[in-house]
Number of protein chains: 2
Amino acid sequence: MKTENAMAATASLRALEPVQGPAIPLGNAARKNIAKVPTKCSSCNLRELCLPCGLTGLDMDRVEELIYTRKRMERGENLYRAGDTFNSLYAVRSGFFKTVQTLEDGRDQVTGFHMAGEIMGMDGIGPEEHGNSAVALEDSEVCVIPYSRLESLGRDMHLLHRQFHKVMSREIVQEQSVMLLLGTMRAEERLAAFLLNLSQRFTARGYSASEFNLRMTREEIGSYLGLKLETVSRAFSKFQEDGVISVHQKHICILDVGGLKRCMTRKGN
Amino acid sequence: MKTENAMAATASLRALEPVQGPAIPLGNAARKNIAKVPTKCSSCNLRELCLPCGLTGLDMDRVEELIYTRKRMERGENLYRAGDTFNSLYAVRSGFFKTVQTLEDGRDQVTGFHMAGEIMGMDGIGPEEHGNSAVALEDSEVCVIPYSRLESLGRDMHLLHRQFHKVMSREIVQEQSVMLLLGTMRAEERLAAFLLNLSQRFTARGYSASEFNLRMTREEIGSYLGLKLETVSRAFSKFQEDGVISVHQKHICILDVGGLKRCMTRKGN
DNA sequence: CGGGGATTTGACACATATCAAGAGCGGTGG
DNA sequence: CCACCGCTCTTGATATGTGTCAAATCCCCG
């Protein structure tokens with residue numbers, strides 16, 4: 001089983017390299033932005049994770065019509081910003097994103113981290129403008145899904161509509177579980193839950209469940225978990241002392257999954 | 001402008017009495033549960049708030065096919081429970097609900113309060129079972145929307161589908177704002193934000209923005225806001241001392257909206 | 001009128017924030 | 001290649017907000 005470890009060696013390698021084929025030199029401003037789609041949904045190895053999941057034969061062929069542009073993003077670039085008018089959803093094809101929401105008084109919070117196969121931008125459908133900003137945490141690529149096209153294609157592909165509803169519903173469920181985390185868990189419990197969630201998502205993508213590189217800073221983790229970066233750092237150190245994980249900068253090994261799961265549960269209960 | 005105050009006098013009166021027509025004696029176990037629909041969407045005074053919002057003429061007529069049962073609920077009854085298989089969405093027709101999510105170790109949290117015109121149960125679409133439980137906080141009534149029917153009706157009523165997407169999207173946005181609240185706000189800020197949110201939703205339903213009765217206990221408010229009930233109580237007292245609201249048990253008057261809004265913002269910033 | 005739950009308030013404990021200093025690491029330029 | 005700079009991270013000391021525990025009051029309901 002391939003570990004994220006291996007690819008951490010060369011920072012220029014893409015997080016989801018197998019999706020990419022041979023590494024493509026990036027940072028080439030000339031042809032970076034919009035590009036014709038070289039890969040179809042039906043041959044994309046994220047299809048079982050992404051929007052087309054569950055579609056078969058004919059439907060899978062037709063779903064290609066959904067995506068006619070991809071977009072390269074450099075680390076730090078904004079995919080969209082709060083207030084931008086809503087036009088499209090975005091599927092992460094490679095790389096890693098965060099979404100950030102800002103309060104009137106300037107306080108902000110990371111509301112999510114998004115990896116390959118996940119859909120971003122659904123917050124914009126209702127208000128017709130985005131309520132948060134999406135930022136690439138590493139060089140990334142997204143498939144652009146024009147919402148109007150999703151609507152019209154869904155008209156005769158009922159499964160696509162149904163699939164889309166499931167994706168939105170799962171987003172609701174995911175957010176509810178973050179609310180639960182923020183409302184009821186203590187610092188170490190939050191971090192344990194966060195690491196287990198990441199681990200499980202990496203597993204679903206064929207990466208090691210126990211070894212991976214964080215794409216975000218302690219501050220971003222803290223923002224997402226409603227903690228200060230110092231508290232996140234202390235919790236990492238505590239887990240390491242207890243021997244449930246090992247931490248070297250952004251590189252994490254989960255040494256004792258059971259132990260980490262126990263960290264997620266209230267002590268003395 | 002009618003205030004909620006008036007109807008608070010008689011506890012047996014329904015929260016959204018005008019929706020109900022003349023008060024109907026409840027607690028009649030014999031004919032309580034399922035009932036034929038006596039009122040159509042097109043003549044329901046919640047139509048501008050509820051799922052059919054934005055539909056016109058013909059579409060509005062056809063949308064009646066969506067709902068063929070309503071359900072009466074007594075205070076304390078469960079509309080659905082976590083783990084129930086998902087079949088339907090529910091639109092609150094009258095009354096008031098909370099949704100509660102539970103962690104494996106028994107800790108739980110109120111993830112939402114739901115009033116007339118709001119849709120519950122969308123968390124169940126993806127997993128095909130409900131992830132939380134919905135409980136009536138007072139005698140209530142819901143319209144049952146079978147999901148399969150919503151899907152099939154949406155096939156030739158594109159606006160219905162689009163409207164449904166908006167409703168789901170708004171749920172996502174709403175939850176993100178709760179995440180922001182839980183992650184970044186302090187106790188008094190949370191309570192102020194909560195009261196202003198309630199006020200605004202009552203306003204949208206034609207009730208007083210400044211005077212209303214809470215349907216939930218301090219403990220339920222605390223659970224929703226990630227606080228203990230004592231903290232909620234102290235924050236209420238503080239607001240009252242400061243003269244921004246007056247509190248008598250569950251009865252709330254907002255005396256100074258601007259002041260309350262300032263309470264929502266970080267002090268000395 | 002009595003009883004039980006909800007609410008308020010106080011005293012104190014504790015988890016996390018805040019402030020501060022220093023170490024580690026990566027990138028850049030000489 | 002090395003030195004430097006800036007950013008991230010770690011760790012300690014202390015402050016503070018909220019939780020916890022406890023007691024008294026209020027209020028609804030039978």
Side-chain angles (χ1 to χ4, degrees), chain A residues 8-12 27 74-76 98 107 109-110 137-138 181-192 213-241 245-252 263 266-269, chain B residues 8-13 27 74-76 98 107 109-110 137-139 181-192 213-241 245-252 263 266-269:
Chain A
T10 335
S12 71
E74 279 179 35
R75 175 186 168 146
K98 67 172 175 181
R107 281 180 283 184
Q109 185 179 28
V110 173
L137 292 183
E138 58 183 19
L181 176 150
L182 292 170
T184 70
M185 287 184 169
R186 294 189 299 107
E188 288 174 24
E189 296 166 353
R190 294 184 197 189
L191 187 65
N213 275 78
L214 299 173
R215 269 67 174 196
M216 67 299 274
T217 66
R218 303 288 189 264
E219 184 168 20
E220 286 161 337
I221 296 174
S223 171
Y224 181 61
L225 299 179
L227 302 168
K228 293 295 162 184
L229 68 95
E230 295 94 330
T231 307
V232 174
S233 178
R234 280 184 240 270
F236 270 126
S237 303
K238 179 65 164 38
F239 288 162
Q240 188 156 241
E241 273 172 41
I245 67 173
S246 88
V247 190
H248 293 101
Q249 296 293 118
K250 296 203 148 73
H251 185 85
I252 305 285
C263 290
R266 180 170 286 285
K267 306 297 195 311
N269 191 13
Chain B
T10 336
S12 71
L13 272 183
E74 279 178 35
R75 176 185 169 146
K98 67 172 176 182
R107 281 180 281 183
Q109 185 178 27
V110 173
L137 292 182
E138 57 183 19
D139 293 346
L181 176 150
L182 291 170
T184 69
M185 288 183 168
R186 296 194 293 107
E188 286 174 23
E189 296 165 355
R190 295 184 197 189
L191 187 65
N213 274 78
L214 299 173
R215 269 67 175 197
M216 67 298 276
T217 65
R218 302 289 190 263
E219 184 168 20
E220 285 161 338
I221 296 173
S223 171
Y224 181 62
L225 298 178
L227 301 169
K228 293 295 162 185
L229 68 95
E230 294 95 330
T231 306
V232 174
S233 178
R234 279 184 241 270
F236 271 126
S237 303
K238 178 65 163 38
F239 287 161
Q240 188 157 241
E241 272 172 42
I245 67 173
S246 87
V247 190
H248 293 102
Q249 295 294 118
K250 297 203 145 74
H251 185 85
I252 306 286
C263 290
R266 180 169 286 283
K267 304 299 195 314
N269 193 13

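Proteins get letters first, then strands, A, B, ... in listed order; numbering begins at 1 in each. Note: hydrogens, waters and symmetry copies are ignored here, and every other heavy atom, side chains too, is used. All figures in this text were calculated on a predicted structure; none of them were measured in a lab.
Spacing between atom CG of A:Leu137 and atom P of D:dT8 amounts to 12 Å, rounded to whole angstrom units. Atoms CD (A:Glu189) and C1' (C:dT16) sit 13 Å apart, rounded to a whole Å. Summarising the geometry, the separation between CZ on B:Arg186 and C1' on C:dA15 is reported as 16 Å, rounded to the nearest angstrom. Rounded to whole Å, atom C1' of C:dT7 lies 17 Å from atom NE2 of B:His251. The separation between A:Arg107 atom CZ and C:dA17 atom C1' is 14 Å, rounded to whole Å. Whole-Å rounding puts the A:Glu188 CD to C:dA15 P distance at 10 Å. Rounded to a whole Å, the CE atom of A:Met185 is 16 Å from the P atom of D:dG19. Here the C1' atom of nucleotide D:dC28 and the CG atom of B:Leu214 are 17 Å apart, to the nearest Å.
The CD1 atom of B:Ile252 sits 8.5 Å away from the CD atom of B:Gln240 when rounded to the nearest 0.5 Å. Distance check: B:Asp139 CG to B:Glu74 CD gives 5.5 Å after rounding to the nearest 0.5 Å.
Considering only side-chain N and O atoms, B:Lys250 lies under 4.0 angstrom from the phosphate OP1 or OP2 of C:dT7. Residue A:Thr231 places no side-chain N or O under 4.0 Å from the OP1 or OP2 atom of C:dT16. For C:dC19, neither phosphate oxygen OP1 nor OP2 lies less than 4.0 angstrom from any side-chain nitrogen or oxygen of A:Lys228.
Residues B:Arg215 and B:Lys98 fail the side-chain proximity criterion, which asks for heavy atoms closer than 4.5 Å. In this structure, A:Arg218 and A:Phe236 have side chains that are in contact, with non-hydrogen atoms separated by less than 4.5 Å. The shortest distance between side-chain heavy atoms of A:Arg234 and A:Lys238 does not fall below 4.5 Å. Within the 4.5 Å cutoff, the side chain of A:Ile221 has heavy atoms near those of the A:Leu191 side chain. Side chains of B:Leu229 and B:Glu220 form no contact here, defined as non-hydrogen atoms less than 4.5 Å apart.
Counting heavy atoms of neighbouring residues, nucleotides and ligands inside a 6.0 Å radius, atom CD of B:Glu219 does not exceed 12 of them.
Of the listed nucleotides (C:dC19, D:dA22, D:dT18), D:dA22 has the atom at the smallest distance from the side chain of B:Glu230. Listed candidates were D:dC9, C:dT16, C:dT8. Nearest to the side chain of A:Ser233 is D:dC9. Which of D:dT11, C:dT9, C:dA17 sits closest to the side chain of A:Leu227 comes down to C:dA17.
Axis deviation across the helix from C:dC1-D:dG30 to C:dG30-D:dC1 amounts to 40°, comparing end segments of five pairs, rounded to 10 degrees.
Within 3.5 Å, a donor on the side chain of A:Arg234 pairs with an acceptor on the base of D:dG12, or the reverse.
Using a 4.0 Å cut-off on heavy atoms, none of the residues of residues 216-225 of chain A approach DNA chain C.
Residues A:Gln109 and A:Leu182 come closest through the heavy atom pair NE2-CD1, 4.0 Å. Of all the heavy atoms in B:Cys263 and B:Glu189, the pair that sits closest is O-CG, 3.2 Å.
The residue B:Gln249 sits close only to the backbone: its heavy atoms come under 4.0 Å of sugar-phosphate atoms, none of a base.
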